[in-house]
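A quick write-up on the structure given underneath.
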Amino acid sequence: QVQLVESGGGLVQAGDSLTLSCTAVGRTGRPFSTYAMGWFRQAAGKEREFVSAIRWSDGSYTAYADSVKGRFAISRDNDKKTVTLQMNSLKPEDTAVYYCAAGDWPDSNHGVYDYWGQGTQVTVSS
């Protein structure tokens with residue numbers, strides 16, 4: 001069982017930046033570096049959607065939703081068991097609860113991830 005804890009959410013204005021972190025706490029069953037990590041978000045009344053993902057190990061492969069490409073950046077620090085989502089040029093439509101997830105493959109399909117955090121709220125005002 002992998003426990004993931006997100007942090008860094010908050011209320012910002014359009015154009016601002018925000019950094020989300022997701023840390024695996026406790027025992028992870030296997031090295032954190034072997035997990036692919038993903039970020040998803042869910043706005044009120046909408047389905048959960050893919051934001052970004054990063055490959056296991058060195059994170060040499062990353063993927064982004066078209067809506068965030070060029071504005072968001074995902075990275076990982078395996079020593080700290082942490083994955084980070086740097087969000088720049090935020091827009092009101094980025095408002096959502098953001099979740100991180102761990103699994104075997106850096107996929108845009110949320111169904112392939114095994115473990116999820118509790119989520120952190122990001123609100124972008126216009």
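Only this structure's heavy atoms are used, side chains among them; waters, hydrogens and symmetry mates stay out. Quantities reported herein were computed from a predicted structural model and do not represent experimental measurements.
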Quick one: NZ on Lys91 to OG on Ser126, what's the gap to the nearest 0.5 Å? 14.0 Å
SG of Cys22 to CD of Glu6, rounded to nearest 0.5 Å, is 5.0 Å
Pairs involving residues 11-48, ordered by first then second residue, that meet ring-ring contact (aromatic ring centres under 6.0 Å, His included) (sequence neighbours left out): Phe40-Phe50, Phe40-Tyr113, Phe40-Trp116
Partner residues of Ser21 under the side-chain hydrogen bond (donor to acceptor under 3.5 Å, both in side chains) criterion, sequence neighbours left out: none
Measuring from Gln3:CD to Thr23:OG1, what's the distance to the nearest 0.5 Å? 11.0 Å
Is the shortest side-chain heavy-atom distance between Ile54 and Pro106 below 4.5 Å? no
Pair Met87, Leu20 - check side-chain contact (heavy atoms from CB on, under 4.5 Å), show working. CA-CA 8 Å; Met87 305 186 295; Leu20 303 184; 3.6 Å; yes
Under 3.5 Å donor-acceptor, Ser52 side chain and Ala63 backbone: yes
Please round to the nearest 0.5 Å and tell me the distance separating atom CE of Met37 and atom NZ of Lys81. 12.0 Å
Same hydrophobic cluster for Trp56 and Val83, using side-chain heavy-atom links shorter than 4.5 Å among ILVMFWY? no
From Tyr64 atom OH to Ser108 atom OG, the distance as rounded to the nearest 0.5 Å: 14.5 Å
Main chain of Ala36, side chain of Arg76: is a donor-acceptor contact present, judged purely on distance under 3.5 Å? no
Tell me whether Leu85 shares a hydrophobic cluster with Val12, the cluster being built from Ile, Leu, Val, Met, Phe, Trp, Tyr side chains joined at under 4.5 Å. yes
Holding to side-chain hydrogen bond (donor to acceptor under 3.5 Å, both in side chains), I want the full list of residues that pass it with Ser7, two or more places apart in sequence or in another chain. none
Pair up each side-chain donor or acceptor in residues 95-105 with any protein partner under 3.5 Å, not counting sequence neighbours, and list the distances.
residue, atom, partner, partner atom, Å
Thr95, OG1, Pro92, O, 2.9
Thr95, OG1, Val124, N, 2.9
Thr95, OG1, Val124, O, 3.4
Tyr98, OH, Arg41, NH1, 2.9
Tyr98, OH, Asp94, O, 2.6
Asp104, OD1, Arg30, NH1, 3.0
Asp104, OD1, Arg30, NH2, 2.6

How would you list, by chain and number, every residue that makes a side-chain contact (heavy atoms from CB on, under 4.5 Å) with Thr19, sequence neighbours excluded? Thr84, Gln86
Connecting only ILVMFWY residues whose side-chain heavy atoms lie within less than 4.5 Å of each other, what is the rest of Val25's hydrophobic cluster? Val5
To the nearest 0.5 Å, what is the distance between NE2 on His110 and CD on Glu49? 11.0 Å
